[in-house]
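The structure under discussion appears below in the form of structure tokens.
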Amino acid sequence: LLLRHPDRRAAGTVVADVVRIEDIMPTVIERVGLPVPDGLDGESLLGPVGGRLSRASYGPQVSVLPHIRELFPDASDVRFRHSQEAVFDGRYHLIVRSDGHVELFDHATDPGETTNVADAHPDVVERLRPLLDG
């Protein structure tokens with residue numbers, strides 16, 4: 001996400017904190033000088049954004065299974081057959097499927113999420129699990 005806000009942040013400033021698409025509307029509203037309405041999902045990005053979480057959950061995506069199998073015949077479709085909940089704290093991304101499978105990825109060392117480190121970091125899984133949507 002790129003924002004131009006010359007009177008708040010210096011050009012080229014990189015903010016590595018968690019931001020979400022829902023944050024765009026309250027940011028624009030605040031930037032044009034209007035009061036941000038209560039009850040919006042997002043938060044303005046013009047103030048401090050550190051320590052935030054991003055959460056997601058979705059049900060089985062059975063309608064896409066035929067397309068996945070057609071386009072990627074060798075790929076696993078297990079992620080689409082189960083509901084999932086996820087939370088991202090800016091470093092760790094925890095994903096828990098309805099079949100009990102747990103994945104944890106460390107974005108500091110593995111931004112491409114190629115290595116599940118849940119077994120190596122049970123303390124992180126225990127810390128993040130209560131923060132899931134459900």
Practice item. Report the residue from L128, V124, L131 that forms a side chain to side chain contact (heavy atoms under 4.5 Å, CB included) with D89. Key: L128

Check your understanding: Counting distance only, does the side-chain N/O of S98 pair as donor-acceptor with the main-chain N or O of S83 below 3.5 Å?
Key -> yes

Point to revise | Shortest non-hydrogen separation from H93 to A86 and the atoms involved | key: NE2-CB, 3.7 Å

Point to revise | Pairwise side-chain contact, V117 with T115, heavy-atom cut-off 4.5 Å (strictly under) | key: yes

Revision key, fill the gap. Heavy atoms of D23 and E43 approach each other most closely as OD1-N, 2.8 Å

Exercise for review: With sequence neighbours excluded, tell me which residues meet salt bridge (charged side-chain N to carboxylate O under 4.0 Å, His left out) with D99.
Suggested key: R97

Exercise for review: Would you please say whether a donor-acceptor pair under 3.5 Å links the side chains of H107 and E113?
Suggested key: yes

Review point. Do you know which two heavy atoms are closest between N116 and A118, and how far apart they sit?
Key: OD1-N, 3.0 Å

Practice item. Output, in order, the C-alpha distance, side-chain angles, deciding distance and verdict of side-chain hydrogen bond (donor to acceptor under 3.5 Å, both in side chains) for T114 and D110. Key: CA-CA 7 Å; T114 59; D110 181 23; 2.9 Å; yes

Exercise for review: Go through the structure and list residues passing side chain to side chain contact (heavy atoms under 4.5 Å, CB included) with R129, not counting sequence neighbours.
Suggested key: L94, V96, V102, V125, L132

Point to revise | L46 vs R31 side-chain heavy atoms within contact, under 4.5 Å | key: yes

Review point. Which residues, ordered by chain and number, are linked to F105 in its hydrophobic cluster, where ILVMFWY side chains connect at heavy-atom gaps below 4.5 Å, directly or through other members?
Key: I95

Review point. Residues two or more places apart in sequence or in another chain: which of them pass ring-ring contact (aromatic ring centres under 6.0 Å, His included) with H101?
Key: none

Exercise for review: Kindly write out the residues that satisfy side chain to side chain contact (heavy atoms under 4.5 Å, CB included) with I21, not counting sequence neighbours, or none if the list is empty.
Suggested key: I24

Point to revise | same_hphob_cluster(L45, M25) at 4.5 Å side-chain heavy-atom cutoff | key: no

Exercise for review: Examine distances only and state if a side-chain atom of D106 and a backbone atom of Y92 form a donor-acceptor pair shorter than 3.5 Å.
Suggested key: no

Review point. Looking at residues at least two apart in the chain, or sitting in another chain, which of them share a side chain to side chain contact (heavy atoms under 4.5 Å, CB included) with P37?
Key: I29, L40

